[in-house]
Amino acid sequence: MPELPEVEVVRSGLEPAVAGAAVVAVEVLDPRALTRHPGTAADFEGRLAGRAITAAVRRGKFLWLPLDDGADEAIVGHLGMSGQLLLRSVDAPRERHERIRMVVDHPSHGELAVVFADQRTFGSLAVDALVPTGDGAAGGRGSAAPLVASQAAHIARDPLDPAFRPDAFVRALARSRSAVKRVLLDQTVVSGIGNIYADEALWAARVHPETSASAVSTRTANRLLAEVRAVLQKALAEGGTSFDAQYVNVNGQAGYFAHSLHAYGRQGQSCDRCGRPLVREAFANRGSHYCPRCQRRQ
DNA sequence: CTTCCCCCCTGTAAGC
DNA sequence: TGCTTACAGGGGGGAA
């Protein structure tokens with residue numbers, strides 16, 4: 001469920017607490033939270049002890065915390081479906097689905113616990129190498145360094161990244177033989193979009209999710225991209241979308257964007273534009289929510 | 001190469 | 001009432 005706006009809320013909340021802080025203790029409570037870490041839990045703990053964090057960086061739905069000792073390494077994280085990164089006092093009780101706890105010492109804030117909790121365990125943390133970006137631009141939001149966590153290097157930049165290439169997005173649509181919604185969800189074409197914001201952007205742009213990507217005109221593709229940016233920015237300003245207790249910011253608080261949804265989860269309710277009932281259709285092991293009147297299949 | 005399906009997992013809710 | 005089943009979905013691996 002966390003998509004770009006939710007992960008950015010987490011990144012910006014983490015940044016002031018961890019940038020400049022040193023890792024003083026790491027506790028892995030569930031090794032399933034390290035599925036993307038190449039070593040053991042003990043290896044993860046050992047690699048982090050005593051190291052300083054310099055920033056909190058995000059590209060798409062990936063987050064990483066660069067480590068400051070010239071080794072070009074970072075703690076890389078993905079929240080998956082239900083991952084949370086929470087800031088707690090060091091004596092705070094365990095979270096319900098706590099998987100990893102890192103205690104950091106910040107020069108002005110003192111000691112804080114960074115807790116990774118994850119109900120469905122699709123998320124994970126890892127110690128990862130930082131590699132140069134292909135285009136020389138900053139790796140993501142939160143750092144000017146032209147470095148990206150290797151586990152996030154294969155995904156495209158996200159639509160809020162100043163180095164994002166709209167022309168490449170438009171070309172990828174034209175080349176694809178898939179449905180337009182599939183391309184929106186393809187993180188190697190454009191990152192940060194999940195099922196919620198794909199449906200919202202398609203509704204706003206009046207594009208049917210099953211429209212063949214190659215049938216989308218350049219003009220429509222640019223309108224769709226503009227709607228993607230608009231919905232991501234609005235959701236970010238409202239603190240993200242929360243349907244259940246799974247998405248929260250670093251203080252455990254829910255966002256408000258669920259009140260602003262026009263399509264996602266609104267099957268059976270009337271379209272905010274034309275009044276006709278919205279529908280939900282099976283789509284790639286998920287669901288698509290759209291207005292059959294406003295979003296005609298091309 | 002591109003595209004597609006299925007699996008990983010847990011809590012909630014619907015169905016019998 | 002209580003059990004079983006379906007569903008939600010990000011990403012990756014492997015099959016077609």
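Below, read A as the first sequence line, B as the second, and so on, with proteins coming before strands; counting in each chain starts at 1. Heavy-atom basis, side chains included; hydrogens, waters and symmetry copies ignored.
If you measure from atom NZ of A:Lys61 to atom P of C:dG12, you get 11 Å, rounded to the nearest angstrom. Protein atom NE2 of A:His78 is 11 Å distant from nucleotide atom C1' of C:dG12, rounded to whole Å. When rounded to the nearest whole Å, the span between CZ of A:Arg32 and C1' of B:dC8 equals 10 Å.
One finds no side-chain N or O of A:His97 lying less than 4.0 angstrom from the OP1 or OP2 phosphate oxygen of B:dC9. OP1 or OP2 of C:dG10 has not a single side-chain nitrogen or oxygen of A:Tyr197 nearer than 4.0 Å. Applying the 4.0 Å criterion to OP1 and OP2 of C:dG10, one finds that A:Arg286 has a side-chain N or O inside that range. Of the side-chain N and O atoms in A:Gln187, none sit less than 4.0 angstrom from OP1 or OP2 of C:dG10. The shortest distance between the side-chain N/O atoms of A:Arg96 and the OP1/OP2 oxygens of B:dT10 is not below 4.0 Å. Within the structure, a side-chain polar atom (N or O) of A:Arg182 is placed less than 4.0 Å from OP1 or OP2 of B:dC4. Between A:Thr35 and B:dC8, a side-chain N or O to OP1/OP2 separation shorter than 4.0 Å is absent.
If you check every strand for non-hydrogen atoms under 4.0 Å, A:Gly123 touches nothing.
Counting non-hydrogen atoms of other residues, nucleotides and ligands closer than 6.0 Å to CZ of A:Arg273 gives a total above 12.
With hydrogens and angles left out, the side-chain atoms of A:Glu6 and A:Tyr197 include a donor and acceptor closer than 3.5 Å.
In the set B:dC9, C:dG10, B:dT3, B:dT3 carries the atom at the smallest distance from any side-chain atom of A:Ser176. The listed nucleotides are C:dG11, B:dT3, C:dG10; the one nearest the side chain of A:Arg177 is B:dT3. Of the candidates C:dG11, B:dT10, B:dT3, B:dT10 carries the atom nearest the A:Arg120 side chain, counting heavy atoms from C-beta on.
For the side-chain contact (heavy atoms from CB on, under 4.5 Å) with A:Trp64, the qualifying choice from A:Gln151, A:Arg58, A:Arg59 is A:Arg59, the only one to do so.
The aromatic rings of A:Phe169 and A:Phe164 sit tilted, their planes meeting at an angle between 30° and 60°.
For A:Phe122 and C:dG10, the ring-to-base geometry satisfies the stacking test (centroid distance below 5.5 Å, interplanar angle below 30°).
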